[in-house]
Amino acid sequence: MKRLDPSFYEQPTIELARSLLGQYLVHNHLDGQIVGKIVETEAYLGAVDRAAHSFGGRRTNRTEVMFGMPGHVYTYQMHTHTLLNVVSGPVGTPEAVLIRAIEPIEGQAIIEANRPGIKRFDQTNGPGKLTKALGITMDLYGHSLQHEPLYIIEGESVDFEAGPRVGIPNTGEARDYPYRFFERDNPYVSKFR
DNA sequence: CTGAAGATGCCCT
DNA sequence: GGGCATCTTCAGT
């Protein structure tokens, strides 16, 4: 159980999105520890990616953390949900990897408490669902993955596939880039729309 | 200050 | 398959 060190996050964003598949996301909070295997990610390539919040080098309070060190957390609010990203790219290059789905490994009782009445496979198979299940909030904006309470440890290597990203219409050709990666045949991968 | 929009999810028909 | 919840950010007055 080795924590991924800072150099892991220095690889190019597309490679990082692929490398994160199979790794274990760990959240320690008041209720206990939750561990989930990352089974689905999406790459957002910053300045040149029309679908990214930082497209064209757009620098605001919200996107600021993406301009900083890789291996930090970019959270943001989508309607009623918090979405979790890992900042990538060197300082000054605003790229990130969205965590879209996890497979519960540990702490299922806490997940159940956070997602009452939801069927098992629907508890963590979406970017807004998994943050609710793990208790991740906007408080973690800018958090370093080298520290408690949220970090990533070495997991397992997995078979994966690539496809177009989800939920980004009207962004021109960026919509079709195959920047979504997911573990093959894993039942916790989110559904297509 | 106001208002519009958004990398979603859930409930209803 | 459509409507809507409900929060934050940001650009425009």
Side-chain angles (χ1 to χ4, degrees), chain A residues 9 12-18 20-21 25 36 38-68 70 72-89 93-104 111-143 145 150 160-183 187-193:
Chain A
Y9 301 99
T13 299
I14 300 273
E15 286 177 32
L16 180 64
R18 289 192 289 242
L20 282 171
L21 294 176
L25 178 67
I38 298 171
V39 299
E40 182 176 353
T41 60
E42 278 180 3
Y44 284 87
L45 297 192
V48 298
D49 183 355
R50 189 167 288 279
H53 294 151
S54 51
F55 174 67
R58 194 160 188 267
R59 188 164 190 160
T60 64
N61 284 335
R62 181 173 70 155
T63 63
E64 184 62 30
V65 70
M66 285 196 281
F67 287 83
H72 287 236
V73 162
Y74 169 42
T75 48
Y76 95 97
Q77 199 80 18
M78 177 55 180
H79 292 277
T80 56
H81 307 281
T82 302
L83 273 61
L84 174 66
N85 298 256
V86 176
V87 173
S88 67
T93 304
E95 305 185 349
V97 175
L98 170 68
I99 309 298
R100 285 196 57 89
I102 62 155
E103 172 184 340
I111 291 176
E112 182 63 35
N114 288 340
R115 307 270 295 140
I118 310 287
K119 291 199 295 292
R120 184 164 61 104
F121 288 121
D122 291 330
Q123 286 175 330
T124 59
N125 64 342
K129 299 179 187 180
L130 74 91
T131 54
K132 186 99 184 290
L134 298 215
I136 290 169
T137 67
M138 287 297 292
D139 293 346
L140 287 167
Y141 180 91
H143 169 74
L145 291 171
L150 184 71
F160 68 87
E161 297 179 45
R165 292 174 293 186
V166 177
I168 48 169
N170 301 322
T171 45
E173 65 173 24
R175 180 190 54 189
D176 301 320
Y177 295 162
Y179 291 168
R180 171 177 179 258
F181 304 98
F182 53 97
E183 181 178 1
Y188 291 92
V189 169
S190 73
K191 305 296 178 279
F192 292 99
R193 305 213 147 188

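Numbers restart at 1 for each chain; the letters A, B, ... are given by sequence-line order, proteins then strands.
- For C/dA11, neither phosphate oxygen OP1 nor OP2 lies less than 4.0 angstrom from any side-chain nitrogen or oxygen of A/Arg62.
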Please list, for nucleotides 10-13 of chain B, all pairs of protein and nucleotide N/O atoms separated by less than 3.5 Å.
residue : atom : partner  : partner atom : Å
B/dC10  : OP1  : A/Arg115 : NH1          : 3.1
B/dC10  : OP1  : A/Arg115 : NH2          : 2.9

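- Rounding to whole angstrom units, CZ of residue A/Phe55 and P of B/dA5 are separated by 19 Å.
- Summarising the geometry, the separation between CD on A/Glu64 and P on C/dT9 is reported as 13 Å, rounded to the nearest angstrom.
- The side chain to side chain contact (heavy atoms under 4.5 Å, CB included) check on A/Ser190 picks up A/Glu40, A/Arg100, A/Arg180, with sequence neighbours excluded.
- Across the protein-nucleic acid pair, A/Asn125 atom CG and B/dT8 atom P stand 13 Å apart, rounded to whole Å.
- Residue contacts for A/Glu42: at a heavy-atom cut-off of 4.0 Å it reaches no nucleic acid atom on any strand shown.
- With a 4.5 Å cut-off on side-chain heavy atoms, A/Phe160 and A/Phe182 do not count as touching.
- Within 4.0 Å (heavy atoms only), A/Asn61 reaches sugar-phosphate atoms of the nucleic acid but no base atom.
- Distance, A/Arg59 CZ to C/dT9 P: 17 Å, rounded to whole Å.
- Scored by the ring-ring contact (aromatic ring centres under 6.0 Å, His included) test, A/Phe67 finds no partners at all (sequence neighbours excluded).
- No engagement by A/Arg180 is indicated, since no non-hydrogen atom pair under 4.0 Å with the nucleic acid exists.
- For the pair A/Lys132 NZ and C/dT6 C1', the interatomic distance rounds to 13 Å; values are reported in whole Å.
- With values rounded to the nearest 0.5 angstrom, A/Arg50 atom CZ is found 4.0 Å from A/Phe55 atom CZ.
- Stacking between A/Tyr76 and B/dA7 is absent: the aromatic ring centre is not both under 5.5 angstrom from the base six-membered ring centre and within 30 degrees in plane angle.
- Side-chain atoms of A/Asn114 come within 3.5 Å of backbone N or O of A/Ala133 as a donor-acceptor pair.
- C/dG1 sits 22 Å from B/dA7 when the P atoms are compared, rounded to a whole Å.
- With pairs defined as Watson-Crick or G-U wobble and both atom distances under 3.5 Å, the stems of at least three pairs that touch DNA chain C come out as B:1-6 with C:7-12, B:8-12 with C:1-5.
- Spacing between atom CG of A/Asp139 and atom P of C/dT8 amounts to 10 Å, rounded to whole angstrom units.
- The CZ-C1' distance, from A/Arg100 to B/dG9, rounds to 11 Å in whole Å.
- In this structure, A/Glu95 places its CD atom 17 Å from P of B/dA7, rounding to the nearest Å.
- Looking at residues two or more places apart in sequence or on another chain, you find a side chain to side chain contact (heavy atoms under 4.5 Å, CB included) between A/Ala17 and A/Thr41, A/Ala43, A/Val97, A/Phe181.
- Judged by centroid separation below 5.5 Å and plane tilt below 30°, A/His79 stacks onto the base of C/dA5.
- In terms of the side-chain hydrogen bond (donor to acceptor under 3.5 Å, both in side chains) criterion, residue partners of A/Glu183 (sequence neighbours excluded) are, by chain and number, A/Lys37, A/Asn186.
- Pairs passing the salt bridge (Lys or Arg N to Asp or Glu O under 4.0 Å) check and including a residue from residues 53-67 of chain A, sequence neighbours excluded, read A/Arg59-A/Glu64.
- Not counting sequence neighbours, the partners of A/Tyr74 by the side-chain hydrogen bond (donor to acceptor under 3.5 Å, both in side chains) test are A/His53.
- Of the candidate nucleotides C/dC7, B/dA7, C/dA11, C/dC7 has the atom nearest to the side chain of A/Gln77.
- For residues 128-140 of chain A, no pair satisfies salt bridge (Lys or Arg N to Asp or Glu O under 4.0 Å), with sequence neighbours left out.
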